[in-house]
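What follows is a single structure, written as structure tokens, with notes after it.
Quick note on labels: first sequence line is chain A, next is B, and so on, each numbered from 1.
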Protein chains: 2
Amino acid sequence: MSEETVLSQAAPGRKQQQRSIVTQQKLLDAAIEAFSENGFKGTSTRDIAERAGVHHPLITYHFKNKDQLWRAAADHIFIAFSHSLAKSLEENRDMCPKKRMSAMIFAYVNYAKSQPALHKVMVQEASYPSPRLEWLIEKHLKPLFQVTFGMIEKLQQLGVAPPGNPALLFNMIRLSSGGLLALGNELAGSSGIDIENPETLSEIADMIIRVFLPGEVPAASAAQKGAAA
Amino acid sequence: MSEETVLSQAAPGRKQQQRSIVTQQKLLDAAIEAFSENGFKGTSTRDIAERAGVHHPLITYHFKNKDQLWRAAADHIFIAFSHSLAKSLEENRDMCPKKRMSAMIFAYVNYAKSQPALHKVMVQEASYPSPRLEWLIEKHLKPLFQVTFGMIEKLQQLGVAPPGNPALLFNMIRLSSGGLLALGNELAGSSGIDIENPETLSEIADMIIRVFLPGEVPAASAAQKGAAA
DNA sequence: ACTTTATTTTTCCAAACTGGAAGATTTCCG
DNA sequence: CGGAAATCTTCCAGTTTGGAAAAATAAAGT
């Protein structure tokens, strides 16, 4: 059953059907929504099936059980997210470090808007230790963060980002974008911030850059990247 | 039964007993913990009673029902929080605006550490619209935020805080402190950040100030407050 | 001490919901 | 058409749900 499903199914005599892919997709979308709203414990497989408009035993069929469905949903979110960041990095390969990071922040904000579950699920799972949290950290967070820490450090060396623990700085950027958008329902009422307005998104990204990357790249390293080895 | 319980009980013939206060406190603490971990829907009254080490019908007795218990728990968190902020403001009444805001950020970070539920509950409730979210916004968030928006605006006028929508700026500060601490379980594994270490807390507060309040107060307004009316 | 009230304990309920299994049925590919 | 893939229906045994009601205990108030 294709890359979407749990563990490759050895040698299936026949290829996966189109409708099956559609069903899996609907279940994944519904699962992401439900898990991000109510957490793992607070979500029932029946709730997910209902949101997907699908009979609940199909979860067993496609994903084996609730836990595997959760993992597939998390994969879905984080793989798409890291693709989105990678694409941004790729497109700005030749820009200066500050422009590259700025582009990444834009990508971050936009992805967080289209998929608020990215951050909600993290908060849900970080509430208390669990095997899922460990899995999430090892499989998705660490690899993603390692890359970013390096970028931040370089920006600090260039005087673009303020000094201090780069991991801390990165997490603040992360929360100012993803964390902010996850609060969408609250911000409208409490702060008059409308995250549905596309202009608000640019406003957020701009402010993050203004605040976290206030310096300018020295002329020496502006042309191409690599200055301090 | 005292200010802790739901709606004053007209004229009780006798005064509340000490053990009752203790029970209510235990239930509130347990409720805060449980609701912040699993959200309203994902938390059962029995789970709360168990954490409190108390028989579950006592919830009905003291708080009427699950919804009222949630509200009492939220009140408990937010009232203590706003007291903590008010105290900080009071103690630094005569300082310059930047020092005053810095002190408030310290207070914020420290409260968020001692009560991570402050932010967790917000994310939980902001997941989807609900009467609880509306109530929270109107009763606690709006009043609290109004004050802070004003402080931020003044700091922007003084050139201490970067320009832009003050509400946005404030929410970023809020997420960089409260939001960060709510992710404690994750940060240790993903970023090597140990929020149990008291030094980490100062590091966080320092960085927030460095990043969000980079400017210095002009000498003219440094002596006392009020410069621009 | 004795009555009255506040608080806790025990027991119960009816309903909804839990994750998952099993088998019948339909749809699609070759 | 034959067979595999996917879906639908039905069922289950058990737990959990929020809350009610009544019985028991502990603390005041006098």
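Listed by chain and residue number, Glu186(A) satisfy the side chain to side chain donor-acceptor pair (under 3.5 Å) test with Ser190(A) (two or more places apart in sequence, or in another chain). With sequence neighbours left out, the side chain to side chain donor-acceptor pair (under 3.5 Å) criterion links Asp29(B) to Gln25(B). Taking Lys142(B) as the reference, Glu138(B) meet the side chain to side chain donor-acceptor pair (under 3.5 Å) condition, with sequence neighbours excluded. Remark: Tyr111(B) engages Phe81(B) in a ring-ring contact (aromatic ring centres under 6.0 Å, His included) (not counting sequence neighbours).
In this structure, Glu50(A) atom CD and dA16(C) atom P are separated by 14 Å, rounded to whole Å. The CD atom of Gln18(A) sits 11 Å away from the P atom of dT7(D) (whole-angstrom rounding). Here the P atom of nucleotide dT18(C) and the CD1 atom of Ile48(A) are 10 Å apart, to the nearest Å. Rounded to a whole Å, the CD atom of Gln16(B) is 15 Å from the C1' atom of dA26(D). Summarising the geometry, the separation between CG on Asn38(A) and P on dC17(C) is reported as 13 Å, rounded to the nearest angstrom. Per the geometry, CG belonging to Leu58(A) stands 13 Å off C1' belonging to dG20(C), to the nearest Å. As a whole-Å value, the separation of Tyr61(B) OH from dA26(D) P is 15 Å. Here dT27(C) presents its P atom at 8 Å from CZ of Arg19(A), a figure rounded to the nearest Å.
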Using a 4.0 Å heavy-atom cut-off, write out nucleotides 12-24 of chain D from 5' to 3' as B (base contacted by protein), S (sugar-phosphate only) or - (no contact). -----BBBB----
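A salt bridge is absent between Glu90(B) and Lys87(B); no separation between the charged side-chain nitrogens and carboxylate oxygens falls under 4.0 Å. Taking 4.0 Å as the cut-off between side-chain N and carboxylate O, Asp47(A) and Arg51(A) count as a salt-bridged pair.
The aromatic rings of Phe40(A) and Phe35(A) lie parallel to each other, their planes meeting at an angle below 30°, with 60° marking the opposite boundary. Classified by interplanar angle (parallel below 30°, tilted 30° to 60°, perpendicular above 60°), the ring pair Phe212(B)/Phe212(A) is perpendicular.
Put simply, His55(A) has no side-chain N or O that comes within less than 4.0 Å of OP1 or OP2 on dA6(D). An OP1 or OP2 oxygen of dT7(D) is reached within less than 4.0 angstrom by a side-chain nitrogen or oxygen of Thr23(A).
With values rounded to the nearest 0.5 angstrom, Met172(A) atom CE is found 8.0 Å from Ser177(B) atom OG.
Note on the helix from dA1(C)-dT30(D) to dG30(C)-dC1(D): angle between the axes of the first and last five pairs equals 30°, rounded to 10 degrees.
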